[in-house]
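Encoded as structure tokens, the structure appears first; notes follow it.
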Amino acid sequence: MSAYNANGLTRRGLIKSSAALGMIAGLGLSSARAAPTPGGTLVVGMTGGAASDSLDPRTFSSSGHAMLGFTLGNCLTEIEENNELVGELAESWEASSDAKTWKFNLRQGVTFHNGQSMTSDDVVYSLNLHRGEDSTSGAAGLMGDIVNIAVDGPNAVVITLSKANADLPFLLSDFHLLIVPNGTEDFSAGVFTGPYRMEEFEPGDFLRASRNPEYWKADRAHVSEVEVLFVEDRAARISGLVTGELHMAQQIDEQAIALIEATPGVHIESHPSGGHSPILMHCDTAPFDNLDLRLAVKYSMDRQQIIDQLNGGVLGNDHPIPPSDPFYAADIPQRPYDPERAAFHVRESGFDGTLPLSISNVAGARSEEMATLFQQTAGLAGLNIEIVREPDDGFWSNVWLKKPFMIGAWGGRPTADIMLTTAYHSEAAWNDTKWRREQFDQIIELARGETDFDRRKALYHDAQLMIHEDGGAGIPFFRNNQDGVRDEVKGFYPAGSFNMSGLRAVERVWLES
Amino acid sequence: MESAGLSGLILKRLASGLVTLFIVSLMVFAGTEILPGDVAHAILGQQATPDSVQAIRDELGLDRPAILRYLEWLYNFVQGDLGVSLISGREITDLIDTRLRNSFFLASVAAVIAIPFAVGLGLVAALYEDRLADKSITIMTLVFVSLPDFLLGYLLLLVGAVTLGWFPALSRISSSMSFIEQLQAVALPCLTLVLVVSAHTMRLTRAAVLSVMNQAYIEMAELKGAGRRRIILRHALPNALSPVLNIVMLTLAYLIVGVVVVEAVFNYSGMGQLMIDAVSKRDMPLVQACGLIFASVYVLLNLSADILSILTNPRRRRPK
């Protein structure tokens, strides 16, 4: 058995690589080290709420829902600063050498908001909510390889997988997989183990919660009351932040960032994520079955210009693994904007028509601007692009995976494996470039079960190189998470790919009086 | 005879109102069916896998023919059962309850201010036709009528909340707040609505009064030597009352159904937000409920406009 402890040994290569990228250069770290002030009411403005919302974790689909979940509950594991995985309700874990059987030792002395102690029965019940053929959970895909979850005494669970997966502890940090009391069917009371207890929940409107005096984390949950408000209108979030009605507001418009930075009392927490908007080409459909044409598209994007204009983030290199990932292949040369080379590939491909590029603002407000910039630079390379604005409604069901040339959107995934498996494996339902290579499938399956970090990294290197050279996605950049935060909020730090400190800001920050 | 005529008319109008509501429900249903994607896709968004979509469809019975689902909904509806939201499974009456009250509260506060204000301004403008008061009122209202309501909302927000800090930028009301606190919370959306609807109402009031002013009996009153103020208040206004009442009713209807944008700007939790959610999630019973509430408001207000105008104008009781 190779032992993994809660200190994130699995990610040892990470701190070095992210420091080298300058990602953690002093961003809120000094204040994070200061002693927290307890008390106050923290108000957070989120998006993605609706009157139909519930506190059933299976129904969560937006970052606002995840924020509700992490205000009230905990998972087995948690992603900390620098993408480091630590135990949350699981104290430690160990895997069999084939990485198919995993034992999670649970933290003892944790109680639910109703006073009941948490045991392995609760954990088994909670995880099983997201499994099974008729599961409607957003996390059902993550749980697909799990064949069994069993109790091992009151303080441990054993998870058995059909295929080896070294990332299982990472998967269990997903915001759907909150631990609830065994047998919970009605989630309206909001009983979890987390930092705050539900006081009032008006779906799509707000959640009000007060500090859980029994909370098992000693150095977390500093404020006495939290309000998570759903503020869907972008301008309303900004005005709420500026007037001080919100302490934090997620997803600030690029156009408003300069304005917020210039406003006293407010600042932007801008941190890299794995989210990206790829230009998707279906590799099984003419004309994109031609590698030259795909390369022409990739060489005709002026990535730096797109980043500058869109207030983007970090350069992308036509594969979906961001530089912040421990398995990022840093030695693959950055593909430049090269109109001559693009023109060469256009000629080689023999294509001389116009390519209709489908876009919609559903896939990010930047899509249209990105498409326009791309249209101009591609035009210089002799590649004619026609921008087709698709209706927002039904975009994901009618355009995505159907139209052969479009701008899509991917949120960052917690692990390289999930990203590569969900979007680039031959059999993936969401293979949105229709790029199918048997050799690639073998590489990522091998990597998934590989518990040695260096061997695993070498495999992922090859996987990224294959997509970079041959794949159907032009990925100009990875976007930054941009949250607006008032200056009296202290202790904010980025964690993982999600914004708002991995959507766990409410238990991490405090208010300076 | 007279009252029988009136109640007959009311009955006739109510019956045609019901027919209108039935047609509205059919159109709302057809509309939600035509929209691309269904509730399963809307719930899952980009996360939709064929399996999970099918699981939701089975659970909600979406694979049954549309006509069957409509009839089933109608059958429950006529028995007073609005049904449950497809997405959350909650009773629609629960979902609508606070939001409808919130929307009515905002609309009533706005109406209480806007209607006397706008009708008064319209009278003043008519009284001083083509003079400075009329000109300045006309220009002001034209400015407000030309500004889209969201822009007006943002401008008021910028001044009232961000610069002056008098009012909150996010309008949140709850039952634990006092009436005064609630009024303060809705001050900005209310002011936005007042300015938007006042412009129309004032212009229409002015036009209604002025059109009466061309009538022979006004000339007669002038020849009698009555002053302009007396002519307008005693002779023109009673005759202009029926169109003005119509305007007022339409204004009220607009206030209730037209607050969608203003609610979004100020993050006010009302029917507008609810209906937007419901449509984007294809939550048919909820869309139906919202649509029918809005339609009923229109039908009822139109009916009351007719009744009031008949009561204030005896000539209309005996149609030729």
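Any value given below was found using the heavy atoms of this structure, including those in side chains, with hydrogens, waters and symmetry copies removed. Labels below follow one simple rule: chain letters A, B, ... track the order of the sequence lines, proteins then strands, and each chain is numbered from 1.
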> Would you find more than 12 non-hydrogen atoms of other residues, nucleotides or ligands less than 6.0 Å from Gln79(B) atom CD?
Replying inline: yes

> Between atom CZ of Phe206(A) and atom OG of Ser269(B), what is the distance when rounded to the nearest 0.5 Å?
Replying inline: 8.5 Å

> Do other residues, nucleotides or ligands put more than 12 heavy atoms under 6.0 Å from Met177(B) CE?
Replying inline: yes

> Can any side-chain N or O of Asp233(A) pair as donor or acceptor with the backbone N or O of Asn267(B) at less than 3.5 Å?
Replying inline: no

> With only heavy atoms counted, which part of Leu170(B) is less than 4.5 Å from chain A, the side chain, the backbone, both or neither?
Replying inline: both

>> Taking side chain as everything from C-beta outward and backbone as N, CA, C, O, which of these in Val265(B) sits under 4.5 Å from a heavy atom of chain A? Side chain, backbone, both or neither.
In response: backbone

> How about residues 240-252 of chain A versus chain B: which residues have heavy atoms under 4.5 Å apart?
Replying inline: Gly240(A), Val242(A), Thr243(A), Glu245(A), Leu246(A)

> What distance separates Ser174(B) OG from Glu202(A) CD, expressed to the nearest 0.5 Å?
Replying inline: 10.5 Å

Donor-acceptor pairs under 3.5 angstrom involving side-chain atoms of residues 190-197 of chain B: please list them, not counting sequence neighbours.
unit_1, atom_1, unit_2, atom_2, d
Thr192(B), OG1, Leu188(B), O, 2.7

> Is Phe498(A) atom CZ crowded by more than 12 heavy atoms from other residues, nucleotides or ligands, each under 6.0 Å away?
Replying inline: no

> Looking at Ala161(B), Gly165(B), Ala169(B), Pro168(B), which has the largest count of heavy-atom pairs under 4.5 Å with chain A?
Replying inline: Ala169(B)

> In terms of heavy-atom proximity below 4.5 Å to chain B, should Leu229(A) be classed as side chain, backbone, both, or neither?
Replying inline: side chain

> Taking every heavy-atom pair that is under 4.5 Å apart, which of Ser54(A), Pro203(A), Gly204(A), Ala140(A) has the most such pairs with chain B?
Replying inline: Pro203(A)

>> Looking at Arg172(B) and Glu227(A), is there a salt bridge between them, counting it only when a charged N and a carboxylate O are closer than 4.0 Å?
In response: yes

